[in-house]
Amino acid sequence: MSELIVLLRKGRLTLPNDVAAWVAKTMQDLELTEAPFTVEVALAISSINFPHGDPADHFLAATAKVFDLTLVTADQNLIAATGIKVLANR
């Protein structure tokens, strides 16, 4: 969710005026479930070799690792991270 907000603020993404309603509807339509930021996720950050210092990417990668998810991304820095499953979206 934080990545969505960052993209909106940077003008790299546009959504209808009511972002909260759009997010709620999209999550329901796609049957998405949130992965919580837990202590285990925070601790997992140190177990992943990151090629850069972007904390948002660290949270995403650690969450994927803890919940055994595959991170789908076009971000070359995340693709290069070791210790997580990544599907390059290029």
Side-chain angles (χ1 to χ4, degrees):
M1 180 52 106
S2 62
E3 290 288 322
L4 175 69
I5 302 301
V6 169
L7 293 174
L8 287 169
R9 287 183 179 165
K10 288 183 175 182
R12 293 174 59 191
L13 179 67
T14 58
L15 293 175
N17 288 338
D18 189 353
V19 174
W22 179 85
V23 168
K25 181 178 181 338
T26 301
M27 288 189 69
Q28 182 179 12
D29 290 351
L30 297 177
E31 299 180 12
L32 300 176
T33 303
E34 292 180 83
F37 183 70
T38 63
V39 171
E40 187 178 5
V41 171
L43 294 172
I45 291 171
S46 66
S47 70
I48 301 170
N49 183 20
F50 293 99
H52 66 297
D54 184 345
D57 285 355
H58 295 194
F59 295 139
L60 289 171
T63 300
K65 182 175 182 170
V66 168
F67 292 100
D68 194 29
L69 304 171
T70 299
L71 188 59
V72 179
T73 184
D75 184 319
Q76 191 58 45
N77 288 318
L78 286 170
I79 293 168
T82 57
I84 58 171
K85 294 185 289 186
V86 177
L87 174 61
N89 184 19
R90 298 212 167 245

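Every value quoted in this text rests on a predicted model; they were computed, and no experiment measured them. Side-chain atoms are counted along with the backbone in the values below, which use heavy atoms only and exclude waters and symmetry mates.
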Who are the side-chain hydrogen bond (donor to acceptor under 3.5 Å, both in side chains) partners of Gln76, not counting sequence neighbours? Arg90
Can you give me every donor-acceptor pair (side chain of residues 25-37, partner residue at least two apart or in another chain, under 3.5 Å) with its distance?
unit_1	atom_1	unit_2	atom_2	d
Lys25	NZ	Asp29	OD2	2.5
Thr26	OG1	Trp22	O	2.8

Using the test side-chain hydrogen bond (donor to acceptor under 3.5 Å, both in side chains), find all partners of Asp57 that sit at least two apart in sequence or belong to another chain. His52
Quick check: closest heavy atoms across Ile79 and Ala88, and the distance to 0.1 Å? CD1-CB, 3.7 Å
All side chain to side chain contact (heavy atoms under 4.5 Å, CB included) counterparts of Ala64, not counting sequence neighbours: Leu69, Leu71
State which residues pass salt bridge (charged side-chain N to carboxylate O under 4.0 Å, His left out) with Asp68; sequence neighbours excluded, sorted by chain then number. Lys85
Looking only at heavy atoms, which two atoms of Ile45 and Phe50 are closest? And how far apart? O-CE1, 3.5 Å
Could you give all pairs that pass the salt bridge (charged side-chain N to carboxylate O under 4.0 Å, His left out) test and reach residues 70-82, with sequence neighbours left out? none
Contacts satisfying side chain to side chain donor-acceptor pair (under 3.5 Å) that involve residues 5-16 (not counting sequence neighbours) are none
For Ala62 and Val41, which heavy atoms make the closest approach, and how far apart are they? CB-O, 3.4 Å
Taking only residues at least two apart or on different chains, which pairs with a member in residues 37-55 satisfy salt bridge (charged side-chain N to carboxylate O under 4.0 Å, His left out)? none
In chain order, what residues pass the side-chain hydrogen bond (donor to acceptor under 3.5 Å, both in side chains) check against Asn89, with sequence neighbours excluded? none
Mind jotting down which residue pairs meet the side chain to side chain donor-acceptor pair (under 3.5 Å) criterion with at least one end in residues 42-51? Sequence neighbours excluded, please. Ser47-Lys65
Mind checking what makes ring-ring contact (aromatic ring centres under 6.0 Å, His included) contact with Phe67, not counting sequence neighbours? none
